[in-house]
Amino acid sequence: MESEYKIILASNSPRRRELLTGLGLAFEVRVLEGVDERYPESLPADDVAEYIAAEKAEAYRSVMQPDELLITADTVVICDGEVLGKPVDEADACRMLRQLSGKTHHVVTGVCLTTTNDQRRFSVTTEVTFKPLTDSEIRYYVDNYHPLDKAGAYGIQEWIGYIGCTGLRGSYYNVMGLPVQRIYTELAILVKSEESSFAREK
């Protein structure tokens with residue numbers, strides 16, 4: 001996919017950088033500090049990730065150039081109707097993992113593809129099932145992997161995913177933090193749409 005746009009990834013996540021690199025696209029990372037990631041308590045759980053991704057995009061609009069295409073994303077874990085974001089400390093991480101133990105939960109990643117003229121917003125959901133986790137397994141993972149930067153307090157690609165995940169329905173990469181197949185498809189649509197607009201203006 002060829003494009004005149006300079007792709008900007010608005011994320012510090014090494015996993016998102018790795019996944020976007022895997023698409024073979026040239027991009028740069030640009031992160032603004034202090035972007036508000038709060039959301040209305042009345043918002044349905046399935047809509048939270050996309051809402052936050054859109055809020056992140058809005059924070060960048062004033063500094064975007066016409067030839068730039070911005071990718072913002074947010075991932076949440078939903079279990080028992082509760083949105084599990086990043087744990088505040090190790091005790092909170094253990095609490096989240098105990099909540100996920102022996103259950104099926106949903107991982108939702110919201111994405112916004114934004115230019116100065118257009119925006120495409122979408123969410124991708126993956127269903128993940130964990131075996132019952134022992135307290136010693138949870139403690140070992142938290143002590144050795146320190147998952148405080150991960151929604152739901154776990155990385156599917158890490159030890160806890162190896163020993164704990166018994167089922168997965170949907171995109172594995174979405175659970176890692178970026179639904180790259182859907183992003184590739186949506187980028188192609190957006191770029192084609194923008195090119196058609198440019199042609200009509202000429």
Side-chain angles (χ1 to χ4, degrees), residues 1-33 35-37 39 43-78 85-86 106-128 149-152 155-157 168-202:
M1 180 176 58
E2 296 182 359
S3 170
E4 298 299 321
Y5 284 110
K6 297 176 183 177
I7 297 176
I8 310 297
L9 175 64
S11 176
N12 269 326
S13 167
R15 294 166 298 281
R16 288 191 177 127
R17 292 199 296 269
E18 175 189 351
L19 290 171
L20 195 58
T21 298
L23 286 181
L25 301 174
F27 66 94
E28 67 176 77
V29 174
R30 187 181 304 164
V31 179
L32 296 180
E33 299 298 330
V35 176
D36 190 0
E37 296 190 14
Y39 57 89
L43 196 66
D46 288 342
D47 297 338
V48 167
E50 188 173 321
Y51 176 90
I52 296 174
E55 289 295 293
K56 290 178 180 179
E58 194 60 32
Y60 284 79
R61 278 192 181 275
S62 63
V63 296
M64 286 184 64
Q65 300 300 312
D67 65 342
E68 292 179 339
L69 190 157
L70 179 75
I71 300 176
T72 54
D74 191 76
T75 301
V76 299
V77 170
I78 303 171
K86 298 173 184 176
H106 295 88
V107 180
V108 182
T109 299
V111 179
C112 280
L113 308 178
T114 306
T115 68
T116 54
N117 295 319
D118 198 4
Q119 184 179 76
R120 294 188 68 84
R121 299 167 53 164
F122 56 90
S123 295
V124 175
T125 301
T126 303
E127 184 180 277
V128 182
D149 63 335
K150 297 176 177 65
I156 192 71
Q157 73 281 8
L168 189 148
R169 185 176 181 181
S171 169
Y172 171 83
Y173 300 112
N174 185 56
V175 185
M176 285 182 65
L178 209 60
V180 283
Q181 187 279 327
R182 180 70 181 274
I183 285 176
Y184 180 81
T185 299
E186 296 288 343
L187 277 174
I189 293 171
L190 188 147
V191 168
K192 185 175 181 179
S193 174
E194 292 280 352
E195 288 175 347
S196 297
S197 296
F198 292 151
R200 286 195 299 270
E201 289 173 3
K202 291 179 179 179

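Sequential numbering from 1 along the given sequence is applied to the chain's residues.
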At what distance, to the nearest 0.5 angstrom, does [atom1] of [X] lie from [atom2] of [Y]?
X	Y	atom1	atom2	value
I71	L113	CD1	CG	6.0 Å
E4	E68	CD	CD	14.0 Å
I78	T125	CD1	OG1	7.0 Å
K86	D149	NZ	CG	6.5 Å
K6	D67	NZ	CG	4.5 Å
F122	T185	CZ	OG1	8.5 Å

Closest contact, heavy atoms only, [X] versus [Y]:
X	Y	answer
N174	V124	ND2-O, 3.0 Å
A53	T72	O-OG1, 2.8 Å
A57	C112	CB-CB, 4.2 Å
S171	P179	OG-CA, 4.5 Å
S123	V108	CB-CG1, 4.1 Å

Q | Pairing residues for R169 by the salt bridge (Lys or Arg N to Asp or Glu O under 4.0 Å) criterion, not counting sequence neighbours | A |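 Scan of R169 (salt bridge (Lys or Arg N to Asp or Glu O under 4.0 Å), adjacent residues dropped) gives none.
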Taking side chain to side chain contact (heavy atoms under 4.5 Å, CB included) as the definition, give me every residue that meets it alongside [X], ordered by chain and number, with sequence neighbours left out.
X	value
R61	E58, T114, Q119
A73	R16, T109, V111, L178
Q157	R15, K150, Y172, M176
T21	F27

Are any non-hydrogen side-chain atoms of [X] and [Y] less than 4.5 angstrom apart?
X	Y	answer
D74	Y51	no
R17	L9	yes
L69	L187	yes

Q | Backbone N/O of L190 and side chain of D118: donor-acceptor pair under 3.5 Å | A |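 The answer is no, because no donor-acceptor pair under 3.5 Å joins these two groups.
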Looking at Y60, does the NZ or CZ of R30 lie under 6.0 angstrom from its six-membered ring centre and within 45 degrees of the ring axis?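 Checked: cation-pi criterion not met.
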- Partner set under side chain to side chain donor-acceptor pair (under 3.5 Å) for N12, not counting sequence neighbours: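 In terms of side chain to side chain donor-acceptor pair (under 3.5 Å), with neighbours along the sequence ignored, N12 is linked to no residue.
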